[in-house]
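In what follows, every heavy atom counts, from backbone to side chain, and hydrogens, waters and symmetry copies are set aside.
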Protein chains: 2
Amino acid sequence: MPTIRDIARKSGYSVSTVSRVLNQQKYVSDAAKEAIEAVIKQLDYVPNSLARDLSFGQNKNIGVVLPHNDHPYFNQLLNGIMDAAFSSGYHIVLLPSEYNRTVERDYLEQLKRKNFTALIFTSHELPLAVLEDYTRYGQIVCCENPGQHHISAVYSNREPAYLAAFNYLKSLEVQQIGLLLSRNLAKSPTWVAVTGAYQQIFHQKPDQQLMIGGMRSFEDGYRAAEQLIARQPALNCYFTNGDDIAAGVRQYHLDHQLPVPILIGQEKQLSSLLLKMPTIDHHFFTLGQKAFELALSNQHHECAFESEFIRP
Amino acid sequence: MPTIRDIARKSGYSVSTVSRVLNQQKYVSDAAKEAIEAVIKQLDYVPNSLARDLSFGQNKNIGVVLPHNDHPYFNQLLNGIMDAAFSSGYHIVLLPSEYNRTVERDYLEQLKRKNFTALIFTSHELPLAVLEDYTRYGQIVCCENPGQHHISAVYSNREPAYLAAFNYLKSLEVQQIGLLLSRNLAKSPTWVAVTGAYQQIFHQKPDQQLMIGGMRSFEDGYRAAEQLIARQPALNCYFTNGDDIAAGVRQYHLDHQLPVPILIGQEKQLSSLLLKMPTIDHHFFTLGQKAFELALSNQHHECAFESEFIRP
DNA sequence: ATGAAAGCGCTAACAT
DNA sequence: ATGTTAGCGCTTTCAT
């Protein structure tokens, strides 16, 4: 592989002049430019990125930490990130965390080693204080409200949409509501927000027996319906964390000659459109785009969107 | 940020000794090791990856070229790749190509610049000869039968499963079959394989009017059913390129009081399990794992699997 | 077991 | 406009 020195020697110019034409800088005569470019073409030369990165002190990689990639939340967010990254010259590195703190910590250490220019946490198990601590080594963006922590963030304010959704169900005079949620943790922000909104509207806590977490797919919804119906045969209303999950619930009802239930989806997947059910749009794609934007910035930013309750 | 020289100075040892303890090499006295590690901890030092990569002549990034990420084919393949990469110390860089040759060419050039150690093409628009040409700059793995081309490859032999599927439909004495396929190109390998198998079993070409390409999702299946039923109201059998697509078709039939059709899915998504329909497992996850393995190897390998027709 | 020094290939400050 | 050279921070050969 020829190096910049080879080009310099063969063209009769110096390395700095070659470097100048490579980087399209000023102060290069047409003659020099032409001669050098000829040699470059002749020797089939391309500059070495590793050397360039070392010299520049950083590479063009943005790490994206995500626990797994089979939930629309991560898919849509990632698509937004990719979309924004596409024409930027930056690369997206996929960093699976599996909700493991040690793994997350390792990625932070890699940021310190300059393996990435910035890190986007689509979700995190580590305390925000830890993330904050690493911001001195590179930009870090998280996807939730960082509260007091000095971390760049993009997130959607979910409460209003949740309130609207429960209000809608209240107006339908439903008796019981199955709550299908994402994480299994009662302390997760989503869980808290949903139960909070529920209480505000119905003036009581949701029935623990009708709550299930860990929902990711159509299949999960199907099985959840099975479980909940066993506990409460008359159940015919579900608030779910995804359109596909709702579709699974619906399928279970259909398959077992139960009346089609009242459903609320989330993520605004196209299935909600087809099944004509209400959904909640958290604007994850847009969030992803914004997250990437913040990752490139070196200032602190917080960017809040508003989730939207959508009736068919 | 402290460098290896700082550690050397402060510990009283030389740079090379420090390097030895960093890389856990032999020939370091316990005293030296201890002293050096103390200083490392004290100064909160970590080695710089950029410098390391330059010195080593390559980084630990594997680029994965994929046209888009909303088809289970790519998702499952990617999951397999990620799974294999997870504990390897290598990173997966997502390289969206959008079926664009110029973009693909650019990724190949980046391989040449040593921006990646290897490249996996889950799909490619560029001729295989071009990919082959770039193998001198790093390992390249493609996900189809490379034929005469000297490129490492993983793929699944689809024909037997297609034959089995059509045989199954024949045994059911279906009159017409809607064919829902992936790409819109009549020359794509899949298209050729499917129509070939069809002809072998039914001794005639499939009806062009009942073929639709570009299927990616539940929604696509739903709309395709709509179109095909308009052309052929009695249609009640579909061979599809995905379980979700089949699910969409089924939904259309249900929503329009049409009898539930005979369906064959693909990709062995869980929906086929729930909907109790036959499917074809191309083992994409396994393929992905293998693709990553080959990416790390510097020899030429080809690895063929066998697709599997699965009856519920 | 330890150290000195020569790269790795490029950028950029400085000199001419 | 062009050239010289000192880094960037690490690994590795070759001495000792």
For A:Gln25 and A:Met1, find the nucleotide of DNA chain C closest to each by heavy atoms; which residue's nucleotide sits nearer the 5' end? A:Met1
In short, ring pair (Phe, Tyr, Trp, His ring centres under 6.0 Å) pairs touching residues 9-60 of chain B with sequence neighbours left out are none
Scanning both residues in full, the closest heavy-atom pair of B:Ser11 with B:Ile36 reads OG-CG1, 3.8 Å
Expected output is a numbered-order residue list: members of residues 54-61 of chain A with a heavy atom under 4.0 Å from any atom of DNA chain D. What is it? A:Leu54, A:Ser55
Identify the 5'-most and 3'-most nucleotides of DNA chain D with at least one atom closer than 4.0 Å to a non-hydrogen atom of chain B. D:dG9 to D:dT12
If you look at every strand shown and take non-hydrogen atoms under 4.0 Å, does A:Ala32 touch a base, only sugar-phosphate, or nothing? sugar-phosphate
Positional range of nucleotides in DNA chain C within the contact set of chain A, heavy-atom, under 4.0 Å: C:dG9 to C:dA12
Using a 3.5 Å cut-off and no angle test, enumerate the donor-acceptor pairs between side-chain atoms of residues 282-292 of chain A and protein atoms at least two apart in sequence or in another chain.
from	atom 1	to	atom 2	distance (Å)
A:His282	ND1	A:Ser307	OG	2.6
A:His282	NE2	A:Gln266	OE1	2.6
A:His283	ND1	A:Asp281	OD2	3.3
A:His283	NE2	A:Glu306	O	3.3
A:His283	NE2	A:Glu308	OE1	3.2
A:Gln289	NE2	A:Asp83	OD2	2.7
A:Lys290	NZ	A:Glu293	OE2	3.0

Looking at every non-hydrogen atom in both residues, tell me the closest pair between B:Ser88 and B:Ala84 and how far apart they are. CB-O, 4.0 Å
Results of side chain to side chain contact (heavy atoms under 4.5 Å, CB included) for B:Val15 - residues two or more places apart only: B:Ile4, B:Arg5, B:Ala8
Under the side-chain hydrogen bond (donor to acceptor under 3.5 Å, both in side chains) rule, collect the residues that match up with B:His300, sequence neighbours excluded. B:Glu302
For A:Tyr107, all residues meeting ring pair (Phe, Tyr, Trp, His ring centres under 6.0 Å), sequence neighbours excluded: none
Going by atom types only, do A:Arg52 and A:Asn23 share a side-chain donor-acceptor pair under 3.5 Å? yes
Option passing side-chain hydrogen bond (donor to acceptor under 3.5 Å, both in side chains) with B:His124 (candidates B:Arg101, B:Glu144, B:Glu104): B:Glu144
Could you list the residues that satisfy ring pair (Phe, Tyr, Trp, His ring centres under 6.0 Å) with A:His91, not counting sequence neighbours? B:Phe116
Tell me, please, which residues at least two apart from A:Tyr99 pass ring pair (Phe, Tyr, Trp, His ring centres under 6.0 Å). A:His68
Can you list, in residue-number order, the parts of residues 14-24 of chain A that come under 4.0 Å of DNA chain D, counting heavy atoms only? A:Ser14, A:Val15, A:Ser16, A:Thr17, A:Arg20
Less than 4.0 angstrom from a charged side-chain N to a carboxylate O is my criterion; do B:Asp30 and B:Lys33 meet it? no
According to ring pair (Phe, Tyr, Trp, His ring centres under 6.0 Å), who are the partners of B:Tyr137, at least two apart in sequence or on a separate chain? B:Tyr134
